[in-house]
Amino acid sequence: MSEQIFIAVAKVEEVAPDTVKVVEVGGRSILLCNTKDRIFAVENQCSHAEEPLACGRIRNGWIACPAHGARFDLETGEAMNPPAKDPIVVFPVRLTGETIEIAV
Ligand code: FES
């Protein structure tokens, strides 16, 4: 089993509570989301029509797609309501001091 490799992507202070920050890692656009006193990392792409999620509202552990309103659980990626059915991609996050690291 290969070990996950974590990459530093931002400082905690760059992602204020209830906001998101877009980072590019290995050619992928990834959203860091600060909600529920945690940082989550998800792919910046909705599973419905592949629109970016970056301008979506986040609250209480979910993000809403700005295109058609599907909401996704930021921990599991699961779709919480239509029109999306499939999950979005989520990435493991860890904090090292004030640095946010993710495994892609
Ligand atoms: S593209 Fe996100 S709900 Fe349609």
Side-chain angles (χ1 to χ4, degrees):
M1 209 170 85
S2 65
E3 221 177 271
Q4 287 182 321
I5 298 173
F6 283 82
I7 301 167
V9 290
K11 297 284 182 198
V12 174
E13 68 196 25
E14 295 177 68
V15 194
D18 294 319
T19 69
V20 306
K21 177 180 172 66
V22 181
V23 296
E24 297 283 332
V25 182
R28 295 174 101 161
S29 181
I30 292 171
L31 277 187
L32 305 176
C33 308
N34 184 339
T35 173
K36 270 184 145 177
D37 298 321
R38 267 184 66 185
I39 303 286
F40 299 89
V42 301
E43 189 141 42
N44 183 18
Q45 188 178 76
C46 184
S47 66
H48 174 235
E50 303 187 354
E51 295 286 339
L53 291 169
C55 296
R57 195 160 57 103
I58 62 168
R59 184 168 295 178
N60 211 20
W62 52 256
I63 187 165
C65 177
H68 314 112
R71 288 178 306 146
F72 298 92
D73 183 310
L74 288 168
E75 181 153 22
T76 64
E78 266 171 54
M80 298 166 69
N81 58 272
K85 295 194 192 89
D86 297 325
I88 55 172
V89 179
V90 299
F91 303 97
V93 176
R94 78 177 183 195
L95 296 184
T96 301
E98 292 298 300
T99 301
I100 301 168
E101 299 178 338
I102 65 174
V104 296

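One-based numbering, in listed order, for ligands and for the atoms of each.
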Original post:
Could you state the interatomic distance from CD (E13) to CG (N34), rounded to the nearest 0.5 Å?
Top reply: 12.5 Å

Original post:
Below 4.0 angstrom, N of the basic side chain to O of the carboxylate: do E75 and R38 qualify?
Top reply: yes

**OP:** Mind jotting down which residue pairs meet the side-chain hydrogen bond (donor to acceptor under 3.5 Å, both in side chains) criterion with at least one end in residues 76-93? Sequence neighbours excluded, please.
**Re:** R71-N81

Original post:
Which pairs, with at least one residue in residues 50-69 and sequence neighbours excluded, count as a side-chain hydrogen bond (donor to acceptor under 3.5 Å, both in side chains)?
Top reply: H48-H68

Subject >> Any residue meeting side-chain hydrogen bond (donor to acceptor under 3.5 Å, both in side chains) with T99, in chain and number order, not counting sequence neighbours >> reply: K11

Original post:
Any donor-acceptor pair under 3.5 Å linking the side chain of N44 with the backbone of A54?
Top reply: yes

**OP:** Sort by chain and number the protein N/O/S atoms found under 2.8 Å from atom 4 (Fe) of ligand 1.
**Re:** H48 ND1, H68 ND1

